[in-house]
Amino acid sequence: MDDQTRMLTGLTGLGGLAQADVGDPDSVRKQQSLGQPQQDIGDILQQIMAITDESLDEAQARKHALNCHRMKPALFSVLCEIKEKTVLSIRGVQEEDPPDPQIMRLDNMLLAEGVSGPEKGGGSAAAAAAAAAAGGSPTDSSIEHSDYRAKLAQIRQIYHSELEKYEQACSEFTNHVMNLLREQSRTRPISPKEIERMVAIIHRKFSSIQMQLKQSTCEAVMILRSRFLDARRKRRNFNKQATEVLNEYFYSHLSNPYPSEEAKEELAKKCGITVSQVSNWFGNKRIRYKKNIGKFQEEANLYAVKTAVDAANVSAQAMYCFLSIFVFQLHPYK
DNA sequence: CCCTATGATTGTCC
DNA sequence: GGACAATCATAGGG
């Protein structure tokens with residue numbers, strides 16, 4: 001049982017006492033006489049304990065009786081005071097929550113993606129950014145571009161309608177609770193401060209729901225982005241010459257196929273691809289070669305022969321030169 | 001249409 | 001931050 005419920009139960013219990021008192025003016029005098037305070041407290045406790053067994057109607061009647069009781073205002077203020085001292089002082093301090101970093105991240109992302117921002121600029125800007133990031137030419141991406149925009153708009157629309165629903169539900173619920181508390185504050189010791197805090201609690205609850213909405217919207221946008229922007233979807237094989245250059249390097253450095261940063265740049269330039277593409281290529285090549293050396297044997301031989309021939313060409317020239325000199329030395333002036 | 005090749009991404013490890 | 005391993009998604013050949 002929480003504090004408030006306990007307080008309510010206690011008061012309705014007193015209401016029961018009050019009802020009995022109203023019916024019998026003598027009992028007030030009896031109660032006020034110093035002779036039987038123990039007895040009275042016993043009665044009150046008895047009734048408090050009994051209240052949970054009563055029906056709603058009975059409780060209502062007791063509440064009404066309490067409201068009419070002449071001691072009620074005094075009792076009420078005492079209860080308020082006690083409550084203020086205990087409950088509020090314990091819990092009333094650690095409020096004022098700072099802005100949640102998680103929700104701020106989500107907000108920023110939704111804004112950046114054009115979901116939560118102003119209607120027009122955001123979405124198309126994001127789509128344009130998307131197209132640019134994808135590296136596609138404006139013409140060939142225009143179909144996907146508009147598709148992307150349409151899907152984003154759909155997400156946006158769902159997001160806003162859900163948000164509106166949540167906000168409406170939140171304010172409806174808040175109003176309902178506030179009215180209820182105001183109504184009850186006529187019988188229970190509820191201060192305005194407490195109502196305020198209850199509203200804050202409700203808002204926190206609803207904002208956690210809102211966060212879930214934001215979270216799932218972000219996920220949807222990420223999925224959409226990945227569907228449209230994932231470079232794997234736009235993969236093109238490198239041209240033959242580029243593959244040749246890369247393979248030549250790979251097989252001629254088979255004992256240590258790790259090109260330096262400079263070598264990568266050189267290869268990238270030769271092949272007309274980016275350095276990271278070179279890195280990807282070597283990463284893929286190394287792992288795939290290692291996994292199945294047999295499969296690559298033929299290719300390896302091919303490039304080995306190729307480089308051998310190249311080397312031979314060079315050495316043949318050298319050899320010819322050397323031999324010429326040698327022969328010249330053997331047979332000068334011949 | 002299925003299967004393999006291949007470029008890119010993601011997550012993990014050092 | 002790079003290497004690696006697993007995986008994705010498409011290209012391309014039969």
Side-chain angles (χ1 to χ4, degrees), chain A residues 101-102 104-106 108-110 112-115 123 125-155 211-212 214-307:
Chain A
Q102 169 78 0
M104 274 174 68
R105 262 208 310 281
L106 291 174
N108 286 341
M109 176 179 165
L110 289 173
E113 293 298 330
V115 175
S137 71
T139 40
D140 79 4
S141 66
S142 62
I143 297 164
E144 292 187 17
H145 184 150
S146 66
D147 213 11
Y148 177 86
R149 204 157 41 176
K151 293 244 163 60
L152 193 69
Q154 205 178 333
I155 290 173
M211 186 155 96
Q212 280 171 25
K214 284 177 179 176
Q215 189 114 42
S216 57
T217 306
C218 276
E219 272 165 29
V221 172
M222 291 313 281
I223 289 166
L224 184 68
R225 277 184 77 93
S226 75
R227 285 201 76 76
F228 281 89
L229 307 183
D230 191 341
R232 283 178 293 203
R233 293 177 179 280
K234 302 183 187 305
R235 190 178 67 76
R236 294 280 178 280
N237 289 356
F238 298 152
N239 63 40
K240 225 177 156 203
Q241 183 254 338
T243 321
E244 202 131 305
V245 170
L246 293 167
N247 272 317
E248 258 171 45
Y249 188 98
F250 181 78
Y251 286 109
S252 62
H253 298 75
L254 206 48
S255 58
N256 184 35
Y258 297 89
S260 65
E261 203 55 34
E262 296 83 61
K264 281 182 192 172
E265 277 168 29
E266 176 82 22
L267 286 166
K269 207 187 285 178
K270 266 195 206 167
C271 300
I273 58 179
T274 67
V275 173
S276 64
Q277 280 177 307
V278 172
S279 299
N280 283 341
W281 191 91
F282 273 88
N284 283 323
K285 192 72 185 182
R286 280 191 300 263
I287 191 79
R288 282 164 186 164
Y289 180 82
K290 196 179 82 178
K291 257 185 178 171
N292 193 351
I293 294 175
K295 198 177 78 180
F296 288 92
Q297 202 53 59
E298 207 179 320
E299 194 178 64
N301 292 338
L302 192 81
Y303 282 97
V305 169
K306 218 171 179 161
T307 45

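Order of the sequence lines sets the chain letters (A, B, ...), proteins ahead of strands, with each chain counted from 1.
- A:Tyr289 and A:Phe250 have their aromatic ring centers within a separation under 6.0 angstrom.
- The phosphate of C:dA6 (OP1 or OP2) has a side-chain N or O of A:Lys291 nearer than 4.0 angstrom.
- Every residue two or more places apart in sequence or in another chain that forms a side-chain hydrogen bond (donor to acceptor under 3.5 Å, both in side chains) with A:Asn237 is listed here: A:Arg235.
- By the side chain to side chain contact (heavy atoms under 4.5 Å, CB included) test, A:Thr274 is found to be paired with A:Ser276, A:Gln277, residues two or more places apart in sequence or in another chain being considered.
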query = Base, backbone or nothing for each nucleotide of nucleotides 3-14 of chain B, written B, S, -, heavy atoms under 4.0 angstrom, 5' to 3'?
reply = --BBBBB-----
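- Between A:Pro257 and A:Ser255, the shortest heavy-atom distance links the atoms CD-C, 3.8 Å.
- Applying the salt bridge (charged side-chain N to carboxylate O under 4.0 Å, His left out) criterion to A:Lys295, with sequence neighbours excluded, gives no partner residue.
- Taking both residues in full, the closest heavy atoms of A:Phe238 and A:Thr243 are given as O-OG1, 3.8 Å, listed atom of the first, atom of the second, then distance.
- Considering only residues two or more places apart in sequence or on other chains, A:Leu302 meets the side chain to side chain contact (heavy atoms under 4.5 Å, CB included) condition with none of them.
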Collect all protein-nucleotide pairs involving nucleotides 1-3 of chain C in which both atoms are nitrogen or oxygen and the distance is under 3.5 Å.
none

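- The existence of a salt bridge linking A:Glu299 and A:Lys285 is confirmed by a sub-4.0 Å separation between a basic side-chain nitrogen and an acidic carboxylate oxygen.
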